[in-house]
Number of protein chains: 2
Amino acid sequence: MPLPKLKEIEGSAELEQMIEKAREASDMLKALSHESRLLLLCILAESEKSVTELEQFLGERQSTVSQQLARLRLDRLVTTRRDGKTIYYSLANEDVRKILTAVYDVFCEPVRRRRR
Amino acid sequence: MPLPKLKEIEGSAELEQMIEKAREASDMLKALSHESRLLLLCILAESEKSVTELEQFLGERQSTVSQQLARLRLDRLVTTRRDGKTIYYSLANEDVRKILTAVYDVFCEPVRRRRR
DNA sequence: AGCACATATACGAATTTAATGATATAAAGC
DNA sequence: GCTTTATATCATTAAATTCGTATATGTGCT
């Protein structure tokens with residue numbers, strides 16, 4: 001009979017918390033882990049943009065982009081600001097930027113380095 | 001008729017590359033963005049572990065854990081080493097560790113800070 | 001060879017996610 | 001108040017992911 005040693009040693013309180021954090025993190029990562037949404041965030045990392053601008057960048061339908069933005073809003077990765085008819089999106093906080101920077105470092109920096 | 005300005009200004013070459021990188025990154029993030037898989041990686045970030053150890057940590061069935069590990073292998077987030085009957089898993093490279101560290105900083109560091 | 005243990009794979013069912021087209025709301029200008 | 005522009009939401013369908021169970025493979029031991 002194999003003993004569930006590690007499980008017990010860890011102590012349920014600590015493990016519980018670890019699991020809780022993992023769920024929070026995976027929720028955020030799920031929002032990030034979509035080609036278009038990741039592109040949206042990269043563009044927004046530069047500066048705030050209107051929905052129309054984002055549509056043009058991605059070359060996707062308005063309703064599709066709007067839906068993806070809604071998802072990012074729900075998961076609190078972006079915030080909005082209204083100016084007349086147009087709505088401007090931007091990154092919601094520094095946490096998002098941190099993760100995004102790490103992703104950028106891993107996947108995009110090598111490209112730059114190669115170019116120098 | 002609205003003009004697709006930004007799309008053209010960006011230049012297809014650069015944009016193409018950005019899209020390519022976004023797809024690579026989102027593929028990796030998809031693998032990460034799963035509660036159990038993220039936990040697995042966090043545990044592996046500490047040190048290599050056998051499948052049995054991982055099962056005990058997560059309290060999940062062998063086949064489930066093995067399936068998640070297979071996914072992580074496919075997406076090249078982990079590597080394996082066999083020693084007799086047991087197979088040891090560990091993080092595949094520094095890129096994975098970088099992303100994982102960023103996620104950890106955002107979601108787990110605050111907890112530690114609060115405790116001090 | 002035969003058995004037991006550790007791990008991997010296959011496959012269908014259930015769930016989740018994404019894209020599309022159509023419609024709705026909100027602000028601005030006439 | 002009507003029209004245009006910008007954005008959001010909804011319903012439907014298509015596709016991908018996850019989960020559970022069953023089965024297979026590989027390794028060491030006797």
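Within every chain, numbering begins at 1; the chains are lettered A, B, ... in the order of the sequence lines, protein sequences first and strands thereafter. All values reported here derive from a predicted model rather than from experimental measurement.
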Legend entry - Whole-Å gap separating P (D:dA16) and CZ (B:Arg23): 14 Å
Inset, instruction - Taking only Lys NZ, Arg NE, NH1 and NH2, and the carboxylate oxygens of Asp or Glu, determine whether B:Arg61 and B:Glu55 approach each other closer than 4.0 Å. - result: no
Inset, instruction - Please state how far atom NZ in B:Lys30 lies from atom C1' in C:dT17, giving the value in whole angstrom units. - result: 10 Å
Legend entry - Close side-chain approach of A:Thr86 to A:Thr52, heavy-atom, < 4.5 Å: no
Inset, instruction - Would you indicate whether the side-chain heavy atoms of B:Tyr89 and B:Thr79 approach each other to under 4.5 Å? - result: no
Legend entry - Phosphate contact (D:dT7 OP1 or OP2) by A:Tyr88 side-chain N/O below 4.0 Å: no
Inset, instruction - Could you state whether B:Met18 and A:Phe107 fall into the same hydrophobic cluster, counting links through intermediate Ile, Leu, Val, Met, Phe, Trp or Tyr residues with side-chain heavy atoms under 4.5 angstrom apart? - result: yes
Legend entry - Distance below 4.0 Å between B:Tyr89 side-chain N/O and C:dA8 OP1 or OP2: yes
Inset, instruction - Spell out, yes or no, whether B:Leu69 and B:Ile87 are grouped together once hydrophobic residues are joined by side-chain heavy atoms under 4.5 Å, including indirect joins. - result: yes
Inset, instruction - Send over the distance from A:Gln56 CD to D:dA6 P, rounded to a whole Å. - result: 9 Å
Legend entry - Test item: B:Leu100 and B:Leu38 side chains (from C-beta on) under 4.5 Å apart, heavy atoms: yes
Legend entry - nucleotides 19-30 of chain D: protein proximity per nucleotide (B base, S sugar-phosphate only, - neither; heavy atom, under 4.0 Å): BBBB----BS--
Legend entry - Value in whole Å for how far the P atom of C:dA18 lies from CG of A:Leu58: 14 Å
Inset, instruction - Find out whether B:Ile99 and A:Val106 are in side-chain contact, i.e. whether some heavy atom of one side chain is under 4.5 Å from a heavy atom of the other. - result: yes
Inset, instruction - Calculate the interatomic distance between A:Glu53 atom CD and D:dA6 atom P; express it in whole Å. - result: 11 Å
Inset, instruction - Pull out every residue in residues 70-78 of chain B that has a heavy atom closer than 4.0 Å to any atom of DNA chain C, ordered by number, or say none. - result: B:Arg73
Legend entry - Side-chain ion pair, B:Arg23 and B:Asp27, N-O less than 4.0 Å: no
Legend entry - Whole-Å distance separating the CD atom of A:Glu35 from the P atom of D:dA16: 14 Å
Inset, instruction - Among the candidates C:dA18, D:dT7, C:dT7, find the nucleotide nearest to the side-chain atoms of B:Thr86. - result: C:dT7
Legend entry - Interatomic distance, B:Leu32 CG vs D:dT17 P [rounded to whole Å]: 15 Å
Inset, instruction - Would you kindly give the CG-to-P distance between B:Leu29 and C:dT17, to the nearest whole Å? - result: 16 Å
Legend entry - Student check: side-chain heavy atoms of A:Tyr88 and A:Arg82 closer than 4.5 Å: no
